[in-house]
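Heads up: the structure comes next, in structure tokens.
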There are 4 protein chains.
Amino acid sequence: MNEKEIKILEAAIEIFAEKGFVSTSTNEIAKKANVAEGTIFRYFKTKKDLLKSIIKPTLVKTIAPFEMDRFSKAVFHLEYETFEDFLNALIKNRMEFAKKNKAVVKIIIQEMPFQDDMQEELKRLFKDKMYPKVATVLQSFIDKGQIKELPIPTVLRLIISTVVGLVISSIVLENTPFWNEEQETERTIEFIKNGLK
Amino acid sequence: MNEKEIKILEAAIEIFAEKGFVSTSTNEIAKKANVAEGTIFRYFKTKKDLLKSIIKPTLVKTIAPFEMDRFSKAVFHLEYETFEDFLNALIKNRMEFAKKNKAVVKIIIQEMPFQDDMQEELKRLFKDKMYPKVATVLQSFIDKGQIKELPIPTVLRLIISTVVGLVISSIVLENTPFWNEEQETERTIEFIKNGLK
Amino acid sequence: MNEKEIKILEAAIEIFAEKGFVSTSTNEIAKKANVAEGTIFRYFKTKKDLLKSIIKPTLVKTIAPFEMDRFSKAVFHLEYETFEDFLNALIKNRMEFAKKNKAVVKIIIQEMPFQDDMQEELKRLFKDKMYPKVATVLQSFIDKGQIKELPIPTVLRLIISTVVGLVISSIVLENTPFWNEEQETERTIEFIKNGLK
Amino acid sequence: MNEKEIKILEAAIEIFAEKGFVSTSTNEIAKKANVAEGTIFRYFKTKKDLLKSIIKPTLVKTIAPFEMDRFSKAVFHLEYETFEDFLNALIKNRMEFAKKNKAVVKIIIQEMPFQDDMQEELKRLFKDKMYPKVATVLQSFIDKGQIKELPIPTVLRLIISTVVGLVISSIVLENTPFWNEEQETERTIEFIKNGLK
DNA sequence: TATGAATGAGACTTCATTCAT
DNA sequence: TATGAATGAAGTCTCATTCAT
């Protein structure tokens, strides 16, 4: 990927995250990226296209691990004897990812509700790639009696709510004296584990 | 409040929720409200002002109960012997409110990150009106041994994450066969209760 | 029709005729019309729309007479004993119209080849409204032996070519010493009459 | 002439004819010609220059014959006893040329009204090279009594109108069942001949 | 010689806001 | 009080042209 293209993407990510997609002008992006406004449109057909080019890779990388072997080994390998080990691996991995991609994650959360086409894609990715694998693993823990007998979607909802809450808190409170990330992560894992026991 | 003013607010709420604040034109609002575009600016100095007029009352109503006696009686009265009873009252009350104000809640969630002045106000409201009361109640449950020894902010974060997740699921999945609200509410309460035990 | 709307139309007609549709900027039109650029778009949704609003009425007025009674009386009434009388009425009437609408006629001739939708409409108008009536009249002159036995489309092509040539010459050479309109019109009528005898 | 230059010219002719000069982008031409956009500007200083390079040779070739010996022999040689023979030679020759250069002829007709410099050149060519020769020939037919006593410009206007009408019809209706070229050419010659008798 | 990335002027269009009625 | 025509700033995007490679 071209150097200017990268600079444009970086500038766009930063400003989109700060002011939102619609409130960001291409002129502003160009200035921050140190390119001419026209240059943006050489690399991205439209402004919307630029947004997609930002969101899609991160979306894919968010979901993708669930279908890859290495991650499977890291997170979903059934050798994990306990639900707690699984939660540990899952949360730490996703937390790290979210913090590395803080700005893009913010953009995704904020713009997704207005981007119907991307919503569709996200749903598809989730249903086809992520859900089946996660469901299998969770079911195995239910079978082993480590999680209470609940519908998988309910279990998933509760886990996701809590983890997303953790991620957002971590992003918002990062670098404040109120936030001890390791400790809060431990507590969150404990909370979920007990909540589902 | 004038009839036209109400019609403008209603129209704005509906469109803001659907398309977002920036992507909604005052012309569109005027048409839906059946008033002239100029009329909007008679009641609301600017478009941003209209947004504030929508968000603020709901924000206040979201927080206000925590300082009012009747709600205090309903939710925070220390006569609640158990944490479960408290959670029950809290969640059901907030769920009902969120669903009654679905559109405005959506607007608040989506626009708040970009409205620094309102963020400030929200923080103030939270810190001054809501947090002290909630903290007291939660502390009382900790003292009684119904909740684990954890910092109040952590407890609050975990509860709020889970409840917000419930509210969003309820709004998104409302009227689909996948969603049995009463059941999911019960399960969520159970989850929090056990998670914090 | 509003005064500003008229001023915009007049300005657009003048500049379109001079520089062509694509080479005319809305900014230029606005300046000539003494309105703000945005005002143009209150009255005409797009620039293309403005073009249509210019072309269509003239197109209709060009064709319309052929279906109206008063003009029929003037041009097509079968009381015209001779083909020459008919030609006289036709040519003088159309010449006058073309000169009154010089600029718009120029625009139509120049832009029509690139406006597929209008071409379609023109074809329809011609086939449904104009051709049938003209064909009837021409046939009657053939039957009376005043015109040679030729296919109607051929007759029409020859007449139209010659008349359009006259109109263009008249527009181009107007106000030059080389042009004596009355004389040239007479000669053209004579030319057609003899050519088809 | 370089191979790339030719490919550029060919591509430009095709697209100019289809979409018009202003609506054609150099990028589009480059793609169709299979060259880089910059290459266009190596051979033609500006886009306008490219247009001129297309129009000029055809314009010259349109006029040139009138000053060349071989054509003079073919068309203007005074050995032609009759006006009809002359018309025959003229029309068939010009029809063939127009059809061979259909696209460029279309471009000339459409762009000439907006290109003042080329208009000037065309006028000059016409006045200096074409008119004198044609006038001489036409005068000879008038003298022989084969054409009515009319001013030469008028005669020329009537002939040109009719022939241009024939050429356009031929281009537009080419390959439709409505068009029998040979027949229509004969009828047109007959029309002019009788019209001027 | 040929390329094509980069430019920035300028195109069309939208929209919050004003103000005469 | 209510209107809606008018504004013009600002937005997205296109394109002929340049220039380093």
Side-chain angles (χ1 to χ4, degrees), chain A residues 2-5 7-8 21-31 33-50, chain B residues 2-5 8 21-31 33-51, chain C residues 2-5 7-8 21-31 33-50, chain D residues 2-5 8 21-31 33-51:
Chain A
N2 182 295
E3 182 212 350
K4 298 225 174 197
E5 191 174 354
K7 268 166 54 186
I8 292 167
F21 174 68
V22 214
S23 302
T24 301
S25 75
T26 50
N27 171 23
E28 212 173 345
I29 297 171
K31 268 180 190 141
N34 249 338
V35 300
E37 207 168 350
T39 305
I40 293 177
F41 295 91
R42 278 196 70 70
Y43 290 102
F44 309 93
K45 250 186 349 187
T46 64
K47 189 187 164 197
K48 179 92 178 275
D49 213 64
L50 174 56
Chain B
N2 182 298
E3 182 211 352
K4 286 198 194 245
E5 192 176 351
I8 292 169
F21 173 68
V22 214
S23 301
T24 300
S25 72
T26 49
N27 171 30
E28 212 173 346
I29 298 170
K31 267 182 191 139
N34 252 337
V35 301
E37 212 169 342
T39 306
I40 293 176
F41 293 88
R42 186 157 283 288
Y43 290 104
F44 310 93
K45 226 163 33 124
T46 64
K47 191 188 164 195
K48 179 95 178 273
D49 214 63
L50 174 55
L51 177 64
Chain C
N2 181 295
E3 181 213 349
K4 298 223 174 201
E5 191 175 353
K7 268 166 54 188
I8 292 168
F21 173 67
V22 214
S23 302
T24 301
S25 75
T26 49
N27 171 23
E28 211 174 345
I29 297 171
K31 267 179 191 143
N34 248 340
V35 299
E37 206 168 349
T39 304
I40 293 176
F41 295 91
R42 278 196 70 70
Y43 291 102
F44 310 93
K45 247 181 359 178
T46 63
K47 190 187 165 197
K48 178 92 179 274
D49 212 65
L50 173 55
Chain D
N2 182 299
E3 182 211 351
K4 286 196 194 248
E5 192 175 353
I8 292 168
F21 173 68
V22 214
S23 301
T24 300
S25 72
T26 49
N27 171 30
E28 213 174 345
I29 297 170
K31 267 183 190 138
N34 252 338
V35 301
E37 212 168 342
T39 306
I40 293 176
F41 293 89
R42 186 158 282 288
Y43 290 103
F44 310 93
K45 225 160 38 117
T46 64
K47 191 186 164 196
K48 179 95 178 272
D49 213 64
L50 174 55
L51 177 65

Exercise. More 5' along DNA chain F: A:Lys48 or B:Lys4, using each one's nearest nucleotide?
Worked result: B:Lys4
Exercise. To the nearest Å, how far apart are C:Ile40 CD1 and E:dC12 P?
Worked result: 9 Å
Seminar exercise, completed: Rounded to whole Å, CD of B:Glu3 lies from P of F:dT1 at a distance of 15 Å
Exercise. Taking the nucleotide of DNA chain E with the closest heavy atom to each, which residue, A:Asn34 or B:Phe41, is nearer the 5' end?
Worked result: A:Asn34
Exercise. With a 4.0 Å cut-off on heavy atoms, is C:Phe44 in touch with a base, just the backbone sugar-phosphate, or nothing at all?
Worked result: nothing
Seminar exercise, completed: Rounded to whole Å, the CG-P distance (A:Asn27 to F:dA9) equals 16 Å
Seminar exercise, completed: Separation of F:dT14 atom C1' from D:Lys31 atom NZ, nearest Å, is 12 Å
Exercise. Roughly how many Å is it from NZ in B:Lys47 to C1' in E:dT18, rounded to a whole number?
Worked result: 17 Å
Exercise. For A:Thr24, which contact category applies under a 4.0 Å heavy-atom criterion: base, sugar-phosphate, or nothing?
Worked result: sugar-phosphate
Exercise. What pair of heavy atoms forms the shortest contact from C:Ile8 to C:Leu50, and how long is it?
Worked result: CG2-CD1, 4.2 Å
Exercise. Separation of A:Ile29 atom CD1 from F:dA10 atom P, in whole Å?
Worked result: 17 Å
For this session: Would you mind reading off the distance between D:Asn2 atom CG and E:dT3 atom C1', rounded to a whole angstrom?
Result: 15 Å
For this session: Compare side-chain N and O positions of A:Thr39 against OP1 and OP2 of E:dT7 and report whether any pair is under 4.0 Å apart.
Result: yes
For this session: Mind checking the CD1-CG spacing from B:Ile40 to B:Asn27? Nearest 0.5 Å is all I need.
Result: 8.0 Å
For this session: Could you check which of F:dC15, E:dT1, E:dT14 has an atom nearest any side-chain atom of D:Arg42?
Result: E:dT1
Seminar exercise, completed: Here the gap from D:Arg42 atom CZ to D:Asn2 atom CG, rounded to the nearest 0.5 Å, amounts to 11.0 Å
For this session: Could you pull out the closest heavy-atom pair between C:Lys7 and C:Ala33, with the gap in Å?
Result: CE-O, 2.9 Å
Exercise. Quick one: is D:Tyr43 getting a side-chain N or O under 4.0 Å of the E:dA2 phosphate, OP1 or OP2?
Worked result: yes
Exercise. Hey, does B:Ser25 reach any base, or is it just sugar-phosphate, or nothing, if we go heavy atoms under 4.0 Å?
Worked result: sugar-phosphate
For this session: Would you tell me if any nitrogen or oxygen in the side chain of D:Thr26 comes within less than 4.0 Å of OP1 or OP2 on F:dC15?
Result: no
Seminar exercise, completed: When A:Phe21 and C:Gly38 are each assigned the nearest nucleotide of DNA chain F, the 5'-most assignment goes to C:Gly38
Exercise. If you look at every heavy atom in D:Ala30 and D:Ala36, which pair is closest and at what distance?
Worked result: CB-C, 4.0 Å
For this session: Tell me whether the guanidinium CZ or amine NZ of A:Lys47 lies under 6.0 angstrom from the six-membered ring centre of A:Phe21 and within 45° of its axis.
Result: yes
Problem set entry | B:Lys45 vs A:Glu37, nearer the 5' end of DNA chain E by closest nucleotide | A:Glu37
For this session: Please list every stem that involves DNA chain E, where a stem is a run of 3 or more consecutive Watson-Crick or G-U wobble pairs with both pairing distances under 3.5 Å.
Result: E:2-21 with F:2-21
Exercise. Rounded to the nearest 0.5 Å, how far does CD of B:Glu28 lie from OG of B:Ser23?
Worked result: 9.5 Å
Exercise. Hey, what do you get for CZ (D:Phe44) to CD1 (D:Ile29), rounding to the nearest 0.5 Å?
Worked result: 9.5 Å
